[in-house]
Amino acid sequence: MCGNFKLTADDLKALDAGDGEALNDRGADCYRAGDYARAVEYYRLAAGLGEVTAIVNLGYCYLYGRSIVRSTDLAIAYFKIAARKGSVDAMYKLGDIYSSSKWGVEDKQRSAEYYEQAIEQLLTPAWAFSADLRLAVKRLLPYPSLCYALGREYLSRDLDLACQFLLLAHVGYLILIDDGEDYYRKTDRRS
């Protein structure tokens with residue numbers, strides 16, 4: 001751990017209780033504040049307790065080099081662990097990583113497999129038992145980046161499906177922007 005990293009009494013209680021979610025939340029607070037070193041330490045503790053979101057967060061820290069040496073291999077490893085545990089975010093990010101040459105591991109087939117795995121995780125089994133389009137939309141809207149990636153993916157194969165995914169991405173991004181997610185505001189043409 002970092003030399004100046006100290007656990008609070010609440011952190012120790014969370015560890016004793018096996019509350020990885022609380023430790024991940026502390027890491028997320030540190031991350032938002034720009035204290036990536038502390039965030040990574042909290043994520044490591046939470047991941048050690050099996051907190052899937054913390055495992056995904058460690059993947060992002062390795063992918064972008066947030067206070068640790070950037071490592072695409074370790075990022076992919078963390079994302080794969082989280083994907084095996086059912087994380088849609090990890091599945092999407094693996095699809096994203098393999099979709100481009102940016103990360104040095106481009107593999108369009110793997111990319112498509114991970115994107116489709118994410119969609120299946122979101123829509124199955126509920127979708128299998130219901131033809132209610134509202135259910136699909138409700139489950140997909142919180143993942144506009146996944147919808148956008150799928151829209152791009154399907155442009156050459158199924159234009160109607162591509163347009164549907166791109167429309168969901170657009171609406172999902174607008175909802176996030178309206179909810180104050182500043183990260184997406186820079187891409188919004190209304191700003």
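Sequence positions, counted from 1, serve as the residue numbers for this chain. Being a predicted model, the structure only gives us computed values, none of them experimental. What's counted below: heavy atoms across the whole structure, side chains too, no hydrogens, waters or symmetry copies.
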message = Quick test of your reading of the model: are Asp29 and Arg26 salt-bridged, counting only N-O distances below 4.0 Å?
response = no
inquiry  = Between Arg139 and Leu122 (side chain of the first, backbone of the second, donor and acceptor by atom type, cut-off under 3.5 Å), is there such a pair?
reply    = yes
task = Determine whether Tyr60 and Val69 fall in the same hydrophobic cluster, where Ile, Leu, Val, Met, Phe, Trp and Tyr are linked whenever their side-chain heavy atoms lie under 4.5 Å apart.
result = no
Presence of salt bridge, Arg157 and Glu153, under 4.0 angstrom = yes
query = When clusters are formed from ILVMFWY side-chain contacts under 4.5 Å, directly or step by step, what else is grouped with Tyr36?
reply = Tyr31, Val40, Tyr43, Ile55, Leu58, Tyr62, Ile68, Leu74, Tyr78, Ile81
query = Testing Asp89, Val88, Asn24 for side chain to side chain contact (heavy atoms under 4.5 Å, CB included) with Val56, which one passes?
reply = Asp89
ask   = Do the ring planes of Tyr154 and Phe165 sit parallel (below 30°), tilted (30 to 60°) or perpendicular (above 60°)?
value = parallel
inquiry  = Are the side chains of Leu49 and Leu15 in contact, using a 4.5 Å heavy-atom criterion?
reply    = yes
message = Tell me whether Tyr92 shares a hydrophobic cluster with Tyr64, the cluster being built from Ile, Leu, Val, Met, Phe, Trp, Tyr side chains joined at under 4.5 Å.
response = no
message = For the residue pair Gln109 / Glu113, report whether a side-chain donor-acceptor contact shorter than 3.5 Å exists.
response = yes
task = Take atom CD of Gln117 as the centre, draw a 6.0 Å sphere, and report whether it contains more than 12 heavy atoms from other residues, nucleotides or ligands.
result = yes
inquiry  = With heavy-atom distances below 4.5 Å as the criterion, would you say the side chains of Val105 and Ile97 are in contact?
reply    = yes
task = For the pair Arg44 and Glu41, find out whether any cationic side-chain nitrogen is under 4.0 Å from an anionic carboxylate oxygen.
result = yes
message = Can a donor-acceptor pair be found, under 3.5 Å and without considering hydrogens, that links the side chain of Ser111 to the backbone of Gly95?
response = yes
key: Lys13 NZ: over 12 foreign heavy atoms closer than 6.0 Å   = no
task = Working to the nearest 0.5 Å, report the span between CG of Leu155 and CG of Leu161.
result = 10.0 Å
ask   = Within the distance-only criterion (no hydrogens, no angle test), does the side chain of Tyr115 pair as donor or acceptor with the backbone N or O of Asp96 below 3.5 angstrom?
value = yes
ask   = Do Phe79 and Tyr114 have side-chain heavy atoms sitting under 4.5 Å apart?
value = no
